[in-house]
Amino acid sequence: MTNNVSNHIPSGPAAAAFLSGSIGLFVIGLLTTLSEASHAIGNALNWYNPSGSLVGKTGVGIIVWLIAWFFLNKAWKDKDVNLKSMFTWAIIITALGFLLTFPPFFVTFKG
Amino acid sequence: MFGLSFTPREFWAVIHGMILGGLFLISFAGGLAGLYFMRPQWMTTEGLRKQVSCLVKGTWVMAIVAWLTVITGTYIVYPWYRAPAPEGADLTQFPRSFLKANEAIAAWHNFGMEWKEHVAWFAPILATVVAYIVWRYRDQLAEDDRLRKYTIVFFVLAFLAAAVAGLLGALITKAAPVA
């Protein structure tokens, strides 16, 4: 298999995808914990009453993910960035996202 | 037919959990093998080209299936699960109220559903990132070990999120079916 230099895709788009995805997960986790801590936030995220605040939490997370992806990709689409560093950050942020959705963790903030 | 029937709620629970969720989890093994074995030293040029084509289609189908799973779950099945029970109602028709009213099984809601409903949404986001990278980088993934490994990590995380949600969903349904 051959890939000439002109076909090489820089690492920027991959870094933008990893990092923005992790940001989306983190926002969903953060809003899960915040809506547990504050009824006002939970009510503000209740965009569709039959499903409660879940729709708002995930809706905001998806919007932030897509906006972050758009801007990071725009900034890095033609650049080789430090993929290892960006991926490490993405994993840290993703881990925080998982933690923030974990009930034994977020109930400690119950308002 | 054959005495088999579903209520509308059971039908959508099957579509959400068994058809869509099950398809995502089952197809994970194929996608993982495709990514893992995507190495130029192990394949011919033609073989690699075909494998990339299959992976691009497969990972996008998985991402779409993951989105359909969480959308049907959140907008169709979950409202039935969390519907408040009227005064004096038969709680077995209101799963969340039924679980919360019984201390011995309340953890299926307080821990199980509370985690499932949120972590499930991680799967389509992670799966979309994987599908994008496979589509964007194609056979460059075979040459770039690091990028391929990172993509596999995100793919495994998507599976774990879906597996947690699927397992908890199955166990919660056993304790308090949406029927």
Side-chain angles (χ1 to χ4, degrees), chain A residues 1-3 7-29 31-33 35-36 48-55 57-59 61-62 64-66 69 73 77 83-84 86-88 90-91 94-95 97-107, chain B residues 40-41 43-49 52 67 70-71 73-83 107 109-122 124-133 136-144 146-147 149-151 153-154 157-158 160-161 164:
Chain A
M1 187 193 64
T2 57
N3 245 359
N7 285 337
H8 175 78
I9 300 165
S11 61
F18 287 132
L19 204 55
S20 62
S22 69
I23 289 169
L25 270 49
F26 176 78
V27 170
I28 291 173
L31 292 176
T32 301
T33 296
S35 62
E36 191 73 15
Y48 175 61
N49 201 43
S51 299
S53 62
L54 178 62
V55 173
K57 294 170 198 168
T58 54
I62 289 166
V64 171
W65 163 48
L66 294 175
W69 196 353
N73 190 64
K77 67 180 177 183
L83 188 61
K84 185 179 180 184
M86 290 304 152
F87 185 75
T88 303
I91 289 298
T94 296
F98 272 91
L99 177 66
L100 288 163
T101 63
F102 193 56
F105 177 79
F106 70 63
V107 293
Chain B
Q41 66 270 30
M43 306 181 83
T44 62
T45 303
E46 183 61 22
L48 187 57
R49 189 172 295 120
V52 167
W67 282 109
V70 294
I71 288 168
T74 300
Y75 292 92
I76 299 175
V77 180
Y78 185 52
W80 292 326
Y81 169 85
R82 75 185 295 274
H109 173 77
N110 297 330
F111 173 78
M113 181 54 87
E114 290 284 2
W115 197 22
K116 168 198 162 57
E117 71 187 46
H118 298 107
V119 82
W121 278 87
F122 287 9
I125 294 175
L126 292 164
T128 301
V129 169
V130 169
Y132 168 78
I133 289 175
R136 185 82 174 83
Y137 287 87
R138 304 185 75 90
D139 52 3
Q140 194 173 313
L141 270 178
E143 295 175 333
D144 189 337
R146 192 165 61 180
L147 179 58
K149 282 176 189 165
Y150 293 167
T151 306
V153 170
F154 256 52
L157 287 172
L160 290 177
V164 166

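Only this structure's heavy atoms are used, side chains among them; waters, hydrogens and symmetry mates stay out.
The part of T58(A) that comes within reach of chain B is its side chain, from C-beta onward, which places non-hydrogen atoms under 4.5 angstrom from that chain. The contact between F102(A) and chain B is made by backbone and side chain atoms together, counting heavy-atom distances below 4.5 Å. Of the two parts of N110(B), only the backbone, made up of N, CA, C and O, holds a non-hydrogen atom closer than 4.5 Å to a non-hydrogen atom of chain A. The contact between F106(A) and chain B is made entirely by side chain atoms (from C-beta outward), counting heavy-atom distances below 4.5 Å. When heavy atoms are compared at a cutoff of 4.5 Å, L100(A) does not approach chain B at all. Using a 4.5 Å cut-off between heavy atoms, F122(B) touches chain A through backbone and side chain atoms alike. Within the 4.5 angstrom heavy-atom criterion, only side-chain atoms of R82(B), from C-beta onward, approach chain A. With a threshold of 4.5 angstrom between heavy atoms, T151(B) approaches chain A through its backbone and through its side chain. For chain B, the nearby parts of L25(A) are the backbone and the side chain; heavy atoms of each come within less than 4.5 Å. Proximity to chain B involves both the backbone and the side chain of L83(A), based on heavy atoms less than 4.5 angstrom apart. In this structure, the portion of I62(A) lying under 4.5 Å from any heavy atom of chain B is its side chain and not its backbone.
Considering every non-hydrogen atom in both A161(B) and F98(A), the closest pair reads CB-CZ, 4.2 Å. Scanning all heavy atoms of the two residues, the minimum distance from G73(B) to P79(B) falls at O-CD, 4.3 Å. For the pair Y132(B) and A17(A), the tightest heavy-atom approach, listed with the atom from each and the gap, is CD2-CB, 3.8 Å. Listed here is the closest heavy atom pair of A142(B) and P40(B): O-CD, 3.0 Å. Between P103(A) and F111(B), the shortest heavy-atom distance links the atoms CG-O, 3.5 Å. Nearest heavy-atom pair across A90(A) and L19(A) is N-CD1, 3.9 Å.
Interface summary for chain A: among I125(B), V129(B), V70(B), V119(B), the most heavy-atom pairs under 4.5 angstrom belong to I125(B). With chain A as the partner, the residue from Y78(B), Y81(B), F154(B) showing the most heavy-atom pairs under 4.5 Å is F154(B). Your options are E114(B), E117(B), R136(B), H118(B), and the one with the most heavy-atom pairs under 4.5 Å with chain A is H118(B). Counting heavy-atom pairs closer than 4.5 Å to chain B, the top residue among P104(A), G29(A), G52(A) is G52(A).
Between the side chains of T128(B) and W67(B), at least one donor N or O sits under 3.5 Å from an acceptor N or O. A side-chain N or O of W121(B) and one of T74(B) form a donor-acceptor pair less than 3.5 Å apart.
Within the 4.5 Å cutoff, the side chain of V27(A) has no heavy atoms near those of the W65(A) side chain. Proximity of V52(B) to Y137(B): side-chain heavy atoms (C-beta onward) are nowhere separated by under 4.5 Å.
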